[in-house]
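See below for the structure under consideration.
For the numbers below, each heavy atom of this structure counts, side chains included, while hydrogens, waters and symmetry mates do not. Here is the naming used below: chain letters follow the sequence lines, and residue numbers restart at 1 for every chain. These numbers were taken from a predicted model, which means no experiment stands behind them.
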Amino acid sequence: MPIDVDAAVIANTRLSDEYNVVALDAPAIARDALPGQFVMLKASPGTDPLLRRPFSIFEILRDAAGRPTGVSILNKRVGVGTRLFFDAVPGATVPCLGPLGRPFEPVDRSGEGWMVAGGVGLAPFATLAEALATRRTPATLFYGGRRSADLFYVEFFERLGVGVVLTTEDGSRGEHGRVTAPLERALKAAAADRSITLYVCGPTPMMAAVASLARRYDRRAVVSLEQVMGCGLGGCYSCVVPVQTDGSAHFVRSCIDGPVFDSSLIVWEDLRH
Amino acid sequence: MPIDVDAAVIANTRLSDEYNVVALDAPAIARDALPGQFVMLKASPGTDPLLRRPFSIFEILRDAAGRPTGVSILNKRVGVGTRLFFDAVPGATVPCLGPLGRPFEPVDRSGEGWMVAGGVGLAPFATLAEALATRRTPATLFYGGRRSADLFYVEFFERLGVGVVLTTEDGSRGEHGRVTAPLERALKAAAADRSITLYVCGPTPMMAAVASLARRYDRRAVVSLEQVMGCGLGGCYSCVVPVQTDGSAHFVRSCIDGPVFDSSLIVWEDLRH
Amino acid sequence: MTDLAVQIGPLKLANPIIAASGCFGYGVEYADVVDLSTLGGVAVKGLFLEAREGHPPPRIVETPSGMLNAIGLQGIGVHRFIREKLPELRDRRAVVIVNICGTTLDEYVELARILSDAEGVAALELNISCPNIKEGGITFGCSLTGTLDVVSAVRKVTRLPVIPKLTPNVTDVASFARAAEESGADAVSLVNTFLAMAIDVETRRPKLSNIVGGLSGPAIRPIAVRMVYECRQAVKIPVIGMGGIATPTDALEFMIAGATAVQVGTANFVDPFVWSKLLDGLRDYLTRHNIGRVADLIGTLDTRAREQAWISS
Amino acid sequence: MTDLAVQIGPLKLANPIIAASGCFGYGVEYADVVDLSTLGGVAVKGLFLEAREGHPPPRIVETPSGMLNAIGLQGIGVHRFIREKLPELRDRRAVVIVNICGTTLDEYVELARILSDAEGVAALELNISCPNIKEGGITFGCSLTGTLDVVSAVRKVTRLPVIPKLTPNVTDVASFARAAEESGADAVSLVNTFLAMAIDVETRRPKLSNIVGGLSGPAIRPIAVRMVYECRQAVKIPVIGMGGIATPTDALEFMIAGATAVQVGTANFVDPFVWSKLLDGLRDYLTRHNIGRVADLIGTLDTRAREQAWISS
Ligand SMILES: Cc1cc2nc3c(=O)[nH]c(=O)nc-3n(C[C@H](O)[C@H](O)[C@H](O)COP(=O)(O)OP(=O)(O)OC[C@H]3O[C@@H](n4cnc5c(N)ncnc54)[C@H](O)[C@@H]3O)c2cc1C
Ligand SMILES: Cc1cc2nc3c(=O)[nH]c(=O)nc-3n(C[C@H](O)[C@H](O)[C@H](O)COP(=O)(O)OP(=O)(O)OC[C@H]3O[C@@H](n4cnc5c(N)ncnc54)[C@H](O)[C@@H]3O)c2cc1C
Ligand SMILES: Cc1cc2nc3c(=O)[nH]c(=O)nc-3n(C[C@H](O)[C@H](O)[C@H](O)COP(=O)(O)O)c2cc1C
Ligand SMILES: Cc1cc2nc3c(=O)[nH]c(=O)nc-3n(C[C@H](O)[C@H](O)[C@H](O)COP(=O)(O)O)c2cc1C
Ligand code: FES
Ligand code: FES
């Protein structure tokens, strides 16, 4: 059951001229949050901008005793609201509604979890990686960015024992090119009897590409979609995605029936936002 | 000629739970500002609230060498915008347009300047008191507030050699009652050959009362009016006040033909905002 | 004790705060954030006879203090609504106002018939004002005869309170309120959204897949208040006001202008917990001004002083 | 080099950015913050034959992303304007568009006659859309025949470009654009303000002395863009668009929707230095998209993709 808290900004950590991490004081939300869930944040008081913005829960913040104290978001500056969060001042309060949406289901150690992240699509995987680690499930992160400066938290994942495969479009770090290239080689190489689940988050075209790789190599893939969302609670029908249900495709609300979907059910050619 | 600067907030000094002083980095405006002039400030980015807010220039800030570095405003929290200025964070930028409006004309030492302030109406008198002091013009401040906690900067005026007469409506400091009481006694007592000019700023009813005292005791009074202002430059005609011009009363724009007016020209019974 | 009850024709509401159609899903989506029985009413998402897919995304775009929507009335159709949603709404003791849309007169009549036989429907809101569908809907709402026809036809086949929802996209909204009253409406609700559009200048394409959409939110409030005020002067039946209500002050503004009850739409997207804040705010105001019944506020705008001012100018 | 020139009937403007009437005084007030000759045009405050006092304060009230005004067309009258303001505007090489208002048909005609003989008037904008005066004005603008009558009558007595300014407070603004075109207008401008109101709930009084006022500012932009788009489809004469323009992107949105030029009103109150920012922004955009002439942008909204989307749904 989601709640709304006026969360104080604990810290604003700039990662680059585009990315930052905003830590929010929200114990009650942190306690209930599951990997892949999101929050709806109001960027400023007043009515311009009017609507909240959806953000994946990036980290669960904890005190010395390990008790959840809040959540952080990995913010990428793309417009009005994300710019305001990029400039968030510690001490300011941010209305924070959550946790929202259908979470990832972390596979257990009988299988393997391969996380595929593009850019800010890394956000939902910090908590998923922790969940896989506690289950001692073998995990790999395929993580692509435009350039070296756009790759973050690599050590965080390595510390959790996650195998990390990096790519950049300019070759400044990891493999030169798209994340789908090393992913396809790995899928090709993987023995059929290994039970691998792909978890995917990133730009829509990238998710579509991974979905078709999953189909080709007959692996299960779950994607976390990012549609424009007006409410996050199923009220406005703005966030719909075309999903195969009983034979035909229907528009389904990605805020409450997602954002996490089985990629084989998404009608990728009709998906856009 | 007014200019618009993105002024950084240098400091926000809380004086009470209603009043604060916001110091703004705006050398170019500080250099040209005259006593009684005002600035138009945008309270927040975005379009809600949409319009700027008018504020008297309270202090001219100077560096060690005495060079003007900025201006401060004395802010009273009454609504949306003044609340945002009450919470202004150092480092934030505030679009600041000015200096605007017709200033006070400080009388020279052949006369006397009596300043009459009600509440936040104190704002334009800090700079006027300095101007009178440089002219070595004898000056008095009649200053009324609701309670002791609403009276500020008294020492500032005393340091300039200004005689200060205080009143509070609850009697917690100075004389118990309205500022008009000691003012009337002083007017009654003053010899006819003294050339006294009243400078008045405060709530409209208080200014009207002082205006009629000035009439009764045949002293010149100039008032600084506070009308709702949309633009501050004569563009919108929102700020008009009824003024006697060539025999009959006409609506005159208080932003460019004021805010300072000769009180005898104002049609007080038709004035409201 | 403050009394928040208001009367919409034969229907008594515990309070004047109603969830606006299309902004609250079918109500059940919000059951775990707000106790539906505490609301004056719940206007469910606009329903056609049959299920509809609606428009492809993008379906909304934010604008200054507002938003555009072109959902295209995606919905499950009246039959599935009665089977799958109505029972839960009944169990949760929600006062259900069903917002119905047709492409033809017969469709409105058919919907009214079906819903009159369904248990747990408190009133029918006739959506003759949706700007987002090409056929029907607003074509009735933008013509006086169209409005007369739909309301009279529905009136004939139902005993449920009939509340035509008026569009603001007309020259004289009061004349539509009059037409509705003459044809037997129990109340009118307004405003629906303003037909509007937004363009992505980089691609030179509309920001909505439907090109145009409906503007809602605080941006439109001053126009909506004026229209409610005009309708209040024009008709005796209750006026249900909406358009940008987000705070108790906003709701009071509409009631003082002449609204018997208000609906809240877009604000629920921004704050799904707005409902208790609105109700508490109304109570505080009534206590502060010691007014016993919220109903005593309706249409109490005092224009005397101002009219004097006007004349004296 | 980017070419910002646009053509309004016989009148060539150096650029499409015009100061909106009533938001820029008589122009001269702004002479020391902006070089008037750098603007595409200056639409001066609405003028009657005689001087007017206008309404008593409060005359404006802020609303979410907008403002209401009920100035009541305070003004010095056409004769003093010609004597006292026009010469300075001429000296400063401003392209002067005079916004004229009448309470009767004859008054519009008389104003047009007088201004046609005055030196330094580039065009006449007929204000048949001011919501703030009881008599005349909008009563013409809200009836098609009224619009036809005023425009034809003025057309007969002047060679100056005639630009009726349309009100958005109508069901079908495009039909008014058509009426204006048929009766000989050189262009139409829209939108004027939306009739609206705001109430102080503590006193239960209107916030404006005039009770109602006109809504302007970013809040109305999406509606205004839609109306400009509709008029563009309906007429061949140029459309001058306005309503909430504050940034270059906003201006471009109107031009892509079909505006040949735009006017900027409320934004000038918020930022009197907005003009150079708008012009620089237009130039940057044209360079970035390497478009040589701003005129090539007019009405280039690409609706194909979206229409496909709409059908495929
Ligand atoms: C479930 C979910 C989780 C998300 N998690 C994160 C996250 O962890 N970190 C993060 O930085 N962003 C995340 N996003 C995307 C984020 O919500 C958008 O970037 C944000 O809403 C843009 O707001 P804005 O005001 O900055 O942009 P606007 O000024 O509103 O728009 C600027 C541009 O951003 C585009 N945009 C608007 N909404 C979205 C959207 N939902 N997704 C992608 N682009 C959009 C617009 O189309 C426009 O082109 C998530 C989105 C969803 C739906
Ligand atoms: C020339 C001039 C100089 C001023 N100097 C100062 C100053 O030095 N310090 C200071 O604190 N205030 C000053 N004011 C008043 C200040 O501008 C208003 O208090 C402010 O605009 C209110 O904005 P808001 O958003 O807080 O109030 P809003 O939320 O806009 O309105 C809240 C209440 O304040 C009232 N209000 C709005 N505008 C004014 C106004 N101009 N004057 C009085 N009440 C108003 C409204 O009617 C309403 O009742 C000055 C005004 C003028 C015209
Ligand atoms: C996303 C969305 C969907 C809507 N769907 C409907 C609808 O199905 N039927 C209807 O009558 N009104 C619909 N409306 C209009 C609202 O009920 C309401 O009239 C309008 O939004 C103004 O109120 P608001 O500003 O509080 O949102 C919708 C509005 C929005 C924003
Ligand atoms: C204070 C004010 C005064 C106005 N006076 C006039 C006027 O005299 N004549 C006129 O045609 N329009 C007048 N308008 C309307 C504007 O010219 C413009 O059409 C409207 O404000 C929308 O543009 P904007 O949102 O950029 O302000 C006035 C608007 C405002 C805000
Ligand atoms: S975001 Fe509103 S329904 Fe999904
Ligand atoms: S504030 Fe706009 S004219 Fe004075």
| note | Bottom line for A/Leu233: the part with an atom under 4.5 Å from chain C's heavy atoms is both

| message | More than 12 heavy atoms of other residues, nucleotides or ligands under 6.0 Å from CD of A/Glu105: yes or no? | response | no

| request: Flag the one option from A/Cys236, A/Cys239, A/Gly234 with the top tally of heavy-atom pairs under 4.5 Å to chain C. | output: A/Cys236

| Winner by heavy-atom pair count (cut-off under 4.5 Å) against chain A, out of C/Glu29, C/Glu62, C/Lys45 | C/Glu62

| Has A/Arg14 got its NZ or CZ under 6.0 Å from the middle of the six-membered ring of A/Phe86, at an angle within 45 degrees of the ring axis? | yes

| Heavy-atom closest contact (C/Cys101 atom, C/Asn127 atom, distance) | SG-ND2, 3.6 Å

| query | In terms of heavy-atom proximity below 4.5 Å to chain A, should C/Asn268 be classed as side chain, backbone, both, or neither? | reply | neither

| note | Assert top hit (heavy-atom pairs under 4.5 Å, partner chain C, pool A/Pro95, A/Ala249, A/Pro2) equals A/Pro2

| field | Per-residue contact mode, C/Phe273 against chain A (heavy atom under 4.5 angstrom) | value | side chain

| Relative to chain A, which segment of C/Val33 carries a heavy atom at a distance below 4.5 Å: side chain, backbone, both, or neither? | side chain

| message | So for A/Met229, is it side chain, backbone, both, or neither that comes closer than 4.5 Å to the heavy atoms of chain C? | response | backbone

| chain A interface, residue from C/Gly265, C/Gly66, C/Pro64 that has the most non-hydrogen pairs under 4.5 Å | C/Gly66

| query | Using the ring of each side chain (for Trp, its six-membered ring), is C/Phe24 parallel, tilted or perpendicular to C/Trp275, with breaks at 30° and 60°? | reply | perpendicular

| query | Any chance the side chains of C/Ser189 and C/Glu125 put a donor and an acceptor closer than 3.5 Å? | reply | yes

| Minimum heavy-atom distance between C/Thr266 and C/Gly217, given as atom pair plus value | OG1-N, 3.7 Å

| Most chain A-contacting option - heavy-atom pairs closer than 4.5 Å, from C/Ser65, C/Ala267, C/Ala246 | C/Ser65

| said: Using a 6.0 Å distance limit plus a 45 degree cone around the ring axis, check whether C/Arg59 lies over the aromatic ring of A/Phe251. | reply: yes

